[in-house]
Amino acid sequence: MKALKSSLMLACIAVLMGCVASGEDEVRQWISEERAQAKSRVTPITEPKQFKPEAYTADAQLEPFNPLKLTQALRRDSAQLASNAALIAPEMARRKEPLEAYPLDTIKMVGSLQKKGQPAALVTADKLLYQVAVGQYLGQSYGRITSINETAIQLREIVQDATGDWIERTTSLELQEGVKK
């Protein structure tokens with residue numbers, strides 16, 4: 001009985017070995033066929049460009065790190081700061097007028113008139129009526145009245161731009177018709 005079991009076991013192993021060998025042959029054949037059909041698709045690398053050195057031609061120009069160039073740039077900056085200071089200095093030295101306490105968007109022009117041949121405007125701020133003339137100040141941005149007509153007040157304001165420099169800009173306050181509160 002032991003001999004029968006041993007021979008049966010050997011027969012099974014032989015059958016299994018036969019199956020494995022034939023499957024491996026098929027796989028090897030498939031791999032060789034695929035290798036024969038496959039074509040490489042490598043794009044060729046372009047030739048590198050030829051380097052051509054050029055001579056330095058800026059010998060006559062000012063060197064970027066020259067102390068003279070730095071001195072010139074500092075002079076320009078200080079001149080610009082001086083002009084900015086000259087623009088705002090008179091505004092800082094004078095006494096503020098009552099209408100400079102209000103933001104310009106809270107002041108409304110409600111009328112205009114002629115007083116001794118000169119144009120004047122009527123404005124309201126904080127529910128109070130004021131009469132203004134050319135040369136007076138309105139708003140919190142040092143807004144000086146440059147002209148008045150029947151429908152608007154023109155102002156010159158001094159404000160800081162994005163870089164912190166003081167600049168002049170013009171703005172206007174339009175007549176508010178039919179405003180009721």
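Considering every non-hydrogen atom in both G143 and E157, the closest pair reads CA-CG, 3.8 Å. Summarising the geometry of R95 relative to E100, their closest heavy-atom pair is O-OE1, 4.5 Å, with the distance given to 0.1 Å. Between M109 and N149, the shortest heavy-atom contact is CE-O, 3.7 Å. Pairing each heavy atom of S147 with each of V134, the nearest pair is CA-CG2, 4.0 Å. Heavy atoms only, all atoms of each residue included: I145 and A133 are closest at CD1-O, 3.5 Å. Here the closest non-hydrogen pair linking G139 and I107 is N-CD1, 3.9 Å.
The neighbour count for E97 CD, taken as heavy atoms of other residues, nucleotides or ligands under 6.0 Å away, is above 12. Within 6.0 Å of CZ in R94 there are more than 12 heavy atoms belonging to other residues, nucleotides or ligands.
With rounding to the nearest 0.5 Å, the separation of CG in L155 from OG in S172 is 7.5 Å. Atom-to-atom distance recorded for Q176:CD and T124:OG1 is 8.5 Å, nearest 0.5 angstrom. Here CD of Q37 is found 10.0 Å from OG of S32. Values are rounded to the nearest 0.5 Å. Note that OG1 of T171 is 8.0 Å distant from CD of Q154, once rounded to the nearest 0.5 Å. How far CD1 of I148 is from OG of S112: 8.5 Å, rounded to the nearest 0.5 Å. Taken to the nearest 0.5 Å, the CD atom of E174 stands 6.0 Å off from the OG1 atom of T151.
Using cut-offs of 30° and 60° for the angle between ring planes, the W166 and Y142 rings count as perpendicular.
The hydrophobic clustering, which links ILVMFWY residues whose side-chain heavy atoms are closer than 4.5 Å, places Y102 and L122 apart. A chain of hydrophobic side-chain contacts below 4.5 Å, direct or via other Ile, Leu, Val, Met, Phe, Trp or Tyr residues, connects L129 to L113. Under the 4.5 Å side-chain heavy-atom criterion for grouping Ile, Leu, Val, Met, Phe, Trp and Tyr, L99 is not connected to M92 through any hydrophobic cluster.
At least one side-chain heavy atom of L138 sits under 4.5 Å from a side-chain heavy atom of V132. By the 4.5 Å heavy-atom criterion applied to side chains, I158 and E91 are counted as neighbours. With a 4.5 Å cut-off on side-chain heavy atoms, R169 and V159 count as touching.
Tested against I31 for a side-chain contact (heavy atoms from CB on, under 4.5 Å), the candidates E34, Q29, E33, R35 yield a single pass: R35.
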